[in-house]
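Whatever order the structure lists ligands and atoms in, that order sets their numbers, starting from 1. Side chains included, hydrogens not; waters and symmetry mates left out as well; all remaining heavy atoms used.
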Amino acid sequence: MERILTGDRPTGPLHLGHYVGSLRNRVKLQNEYDTFIIVADIQALTTHWENPELIRNNVREVTLDNLAAGLNPEKTSIFVQSMVPQIAELTVLFGLYTTVSRLKHNPTIKTEAKLYGFTDMTYGFLGYPVSQAADILFCRANLIPVGEDQLPHVEVTRFVARRFNELYGDVFPEPKALVSEISRLIGLDGNAKMSKSLGNAIYLKDDPKEIKKKVMSAVTDPARIHKTDPGHPDICTIFAYHKAFNKVEIPEIEDSCKKGTIGCVSCKKNLIKKLEEILSPMRERRAEFDKPGLIEDILIAGTDKAVEAGKETMALVREAMHTNYWKER
Ligand code: TRP
């Protein structure tokens, strides 16, 4: 069976942008692939090193979000990055032949550095794509379901794998990204990206009242003052959400918006109904998993599986790099 590896930084709760970008694919593909989900606490600390307590609290939160979204812990291994030492080992080894200039040209790094106001980047932040390559390659994954902002990191991963194989011998597959049809969701304020730091997100754990409030106050086409004004769906936030969550009704909504026969209020109410169809089963699953000790047990079992895979990979790596001085004792 081929392997999937993907995951999230535990900096806060997951939102609909995560769902559309990657979670939806994870849930669908977990039956066809041996699936590993990483809760990337160390990567989160590359931007939040001054706040380890926040990251610790969100490890549980993000795990619960993944389970609520429909990942089945019997099939899928969810694990904590910092508890798999082979990832740290590989990060050091991959850094041997990955140049600083390759890392400096990474567009996602540039965007994030701006966002966090990093003028003098730390070694760990600039290098986190190398660590992400280790996240993916420690279990020799083949497929990485991600949003499009992650593509530069997947490129680094593919370089790291290819170059390792050239230098030392064939150990790693060159994994491929799987980007969903709609891989980026715009924010409630019309901003290009739904994100926690921009405060424009609908969270998977939001209750029906919050969802209603958020959707009803979302930005629509500013040219539509009266219900009968012709609308411009391509610039409307709500229409973008219909595209992501209500594909079947798209032609109808587009037509009636353009003609001015449907108002924004009823269009929003329709969306809320569609969102509830996705989010209400998530609430039920969340309640099932949100029991004392259960999340911890799931993470421990997933991490044990990850460490097992990491040990197998490290044995091959040590052999290839001639660092197998003696057998593991
Ligand atoms: N960089 C990803 C994000 O910010 C999280 C992540 C860490 C990841 N390691 C990964 C994603 C490995 C895919 C594969 O969302």
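Asn246 places no side-chain N or O within 3.5 Å of a backbone atom of Lys274 that could act as its donor or acceptor partner. A distance-only check finds a donor-acceptor pair linking the side chain of Arg158 to the backbone of Pro175 [under 3.5 Å]. Panel note: side chain Asn200, backbone Lys193; a donor-acceptor pair is recorded below 3.5 Å. Side chain of Gln86 to backbone of Met314: no donor-acceptor contact under 3.5 angstrom is found. Between the side chain of Thr6 and the backbone N or O of Val146 there is no donor-acceptor pair closer than 3.5 Å.
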Could you give the N/O to N/O pairs under 3.5 Å linking ligand 1 and the protein, each with its distance?
unit_1	atom_1	unit_2	atom_2	d
ligand 1	1 (N)	Gln43	OE1	2.7
ligand 1	1 (N)	Gln132	OE1	2.9
ligand 1	1 (N)	Gln150	OE1	2.8
ligand 1	4 (O)	Arg9	NE	3.2
ligand 1	9 (N)	Asp135	OD2	2.7

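Comment: Lys305 does not engage Asp34 in a salt bridge, judged by the lack of any side-chain N to carboxylate O separation of less than 4.0 angstrom.
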